[in-house]
Amino acid sequence: MTVPTIEIAHKEPQETDRVSPLTKIEHPLIEQHLCTVRDQSTRSSEFRAAIGRLAMLVGVYATEDLLTRPCKVQTPITEADCHELAVRVGLVPILRAGLGMVEPLQQLLPDAAVWHLGLYRNEETAEPVGYYDKLPQRGAPNVALVLDPMLATGGSVDLVIRRLIRWGVEEIRILSVIAAQVGIDRVLRDFPQVKIYVAVVDPHLNDQSFIVPGLGDAGDRIFDTPQGA
Ligand SMILES: O=P(O)(O)OC[C@H]1O[C@H](OP(=O)(O)OP(=O)(O)O)[C@H](O)[C@@H]1O
Ligand SMILES: O=c1cc[nH]c(=O)[nH]1
Ligand SMILES: [Mg+2]
């Protein structure tokens with residue numbers, strides 16, 4: 001009997017990829033972990049772990065078409081034809097909540113440098129305020145994976161994209177857990193070349209610019225600080 005083979009193909013970059021800059025990942029594990037992070041009774045340690053699992057699932061899809069090149073690897077038996085990454089990937093967590101996505105992405109990309117950018121939203125205006133930026137003059141990665149579980153108005157990500165373009169990053173990918181449609185529209189209107197990968201798109205924002213239904217304040221729930229800390 002011949003056993004059927006299901007091939008999970010490595011996806012080469014396609015011109016048509018540009019047509020759809022938003023990837024919303026459909027996966028039963030994503031659905032399961034979203035229940036955990038949305039639930040207000042989930043305690044901080046479980047919340048953090050679930051954000052990590054969601055980040056890893058989003059990360060797998062956000063890296064599926066990274067450029068590779070052929071290489072030879074000597075196994076204990078013989079030489080094997082392999083492929084290695086042909087691009088330098090940098091992780092760019094937006095402080096604080098983005099820190100909750102770093103470790104799972106490092107599991108996938110152990111050689112990626114981590115470049116921190118610190119922003120918080122002004123509580124009255126919801127405008128982002130920068131407070132940490134130590135990017136050097138040179139040495140921008142080819143591909144930056146911007147990590148932030150929440151994309152609400154899109155203001156924070158907008159600011160980060162501008163900074164990364166100024167730094168010289170060639171390709172920018174945004175990885176989020178929950179994104180509001182209005183924020184996605186804003187980012188893709190301002191930067192149509194950017195790709196966004198999310199676990200779920202929520203319909204709207206409330207009058208404090210929080211995502212509805214969302215999960216509350218991701219940073220506070222990851223770090224177990226009082227809401228609004
Ligand atoms: O799309 P936006 O409207 O800009 O909102 C999203 C931003 O808001 C949150 O950060 P917050 O200001 O709560 O800071 P924190 O991560 O330190 O909690 C979130 O982690 C994003 O960075
Ligand atoms: O809903 C939201 C919006 C911004 N930041 C969060 O952490 N949650
Ligand atoms: Mg916060």
Side-chain angles (χ1 to χ4, degrees), residues 21-22 24 33-40 42-44 46-52 54-55 58-59 62 91-105 114-135 144-164 172-191 194-229:
L22 172 68
K24 187 191 116 29
H33 300 313
L34 279 173
C35 295
T36 305
V37 294
R38 285 198 195 274
D39 187 339
Q40 63 170 353
T42 299
R43 63 173 199 275
S44 181
E46 289 170 6
F47 182 87
R48 205 161 47 238
I51 287 286
L54 287 160
V58 172
L91 305 178
V92 185
I94 304 180
L95 306 180
R96 290 174 300 166
L99 291 175
M101 299 173 71
V102 171
E103 205 272 340
L105 265 295
V114 183
W115 303 101
H116 300 82
L117 289 175
L119 307 179
Y120 69 88
R121 292 197 316 174
N122 175 302
E123 274 178 26
E124 267 83 54
T125 63
E127 287 298 320
V129 181
Y131 62 88
Y132 185 82
D133 176 346
K134 292 269 188 189
L135 299 185
L145 304 183
V146 176
L147 310 179
D148 195 323
M150 309 305 279
L151 195 167
T153 66
S156 304
V157 160
D158 230 77
L159 205 63
V160 165
I161 293 171
R162 280 175 213 286
R163 180 67 182 95
L164 295 179
I172 299 169
R173 300 182 181 200
I174 311 300
L175 281 64
S176 280
V177 172
I178 303 185
Q181 189 62 55
V182 65
I184 293 171
D185 293 345
R186 171 182 175 169
V187 172
L188 295 181
R189 183 198 63 215
D190 291 353
F191 306 102
V194 162
K195 288 184 176 178
I196 301 179
Y197 300 83
V198 296
V200 67
V201 178
D202 273 5
H204 55 272
L205 302 177
N206 67 14
D207 54 11
Q208 275 126 36
S209 297
F210 271 78
I211 299 174
V212 180
L215 51 71
D217 188 305
D220 286 338
R221 296 192 66 188
I222 289 170
F223 294 106
D224 207 9
T225 47
Q227 291 278 307

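All ligand and atom numbering here is 1-based and tracks the order in the structure.
With Ser156, Pro93, Ala218 as candidates, the residue nearest to atom 4 (O) of ligand 1 on a non-hydrogen basis is Ser156. Considering only non-hydrogen atoms, atom 12 (O) of ligand 1 lies nearest to Arg121 out of Arg96, Arg121, Arg221, Met150.
Polar contact check, Asp220 against ligand 1: no nitrogen or oxygen pair lies under 3.5 Å apart. Backbone and side-chain nitrogen or oxygen atoms of Ala152 are examined, and one is located within less than 3.5 angstrom of a nitrogen or oxygen of ligand 1. Of the N or O atoms in Gly154, one or more lie within a sub-3.5 Å distance of an N or O in ligand 1.
Contacts between Thr153 and ligand 1, counted as non-hydrogen atom pairs separated by less than 4.0 Å, involve both the backbone and the side chain. Looking at Val157 against ligand 1, nothing comes within 4.0 Å, counting heavy atoms.
Distance alone, capped at 3.5 Å, is enough to place a donor-acceptor pair between the Ser44 side chain and the Ile222 backbone. Side-chain N or O atoms of Arg173 include one that pairs as donor or acceptor with a backbone N or O of Ala62 at under 3.5 Å. The backbone N or O of Leu215 lies less than 3.5 Å from a partner atom in the side chain of Arg221, making a donor-acceptor pair.
In this pair, Tyr120 and Tyr131 present their aromatic rings tilted. The plane angle is within the 30 to 60° band.
A salt bridge is absent between Asp224 and Arg48: the closest approach of a Lys/Arg side-chain nitrogen to an acidic carboxylate oxygen does not fall below 4.0 angstrom.
Distance CG/Leu164 to CG/Leu117: 6.0 Å, rounded to 0.5 Å. Here the straight-line distance linking atom CG of Leu119 with atom CG of Asp148 works out to 8.5 Å at 0.5 Å rounding.
Counting non-hydrogen atoms of other residues, nucleotides and ligands closer than 6.0 Å to CZ of Arg43 gives a total of 12 or fewer.
Protein residues with a heavy atom closer than 4.0 Å to ligand 2 are Arg121, Met150, Ala152, Ser209, Phe210, Ile211, Gly216, Asp217, Ala218, listed by chain and number.
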Evaluate Thr225 against Arg96 for side chain to side chain donor-acceptor pair (under 3.5 Å), listing each step before the verdict. CA-CA 11 Å; Thr225 47; Arg96 290 174 300 166; 3.1 Å; yes
Test salt bridge (charged side-chain N to carboxylate O under 4.0 Å, His left out) on Arg162 and Asp158; report intermediate values, then the result. CA-CA 6 Å; Arg162 280 175 213 286; Asp158 230 77; 2.8 Å; yes
Is there a side-chain contact (heavy atoms from CB on, under 4.5 Å) between Ile211 and Leu151? Walk through the geometry before answering. CA-CA 8 Å; Ile211 299 174; Leu151 195 167; 5.7 Å; no
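Within ligand 1, counting atoms from 1 as listed, the ones closer than 4.0 Å to a heavy atom of Ala97 are 16 (O), 20 (O). Taking every non-hydrogen atom of Gly219 and a distance limit under 4.0 Å, the qualifying atoms of ligand 1 come out as 18 (O).
Restricting Asp217 to its N, O or S atoms, the one at the least distance from the Mg ion (ligand 3) is OD1.
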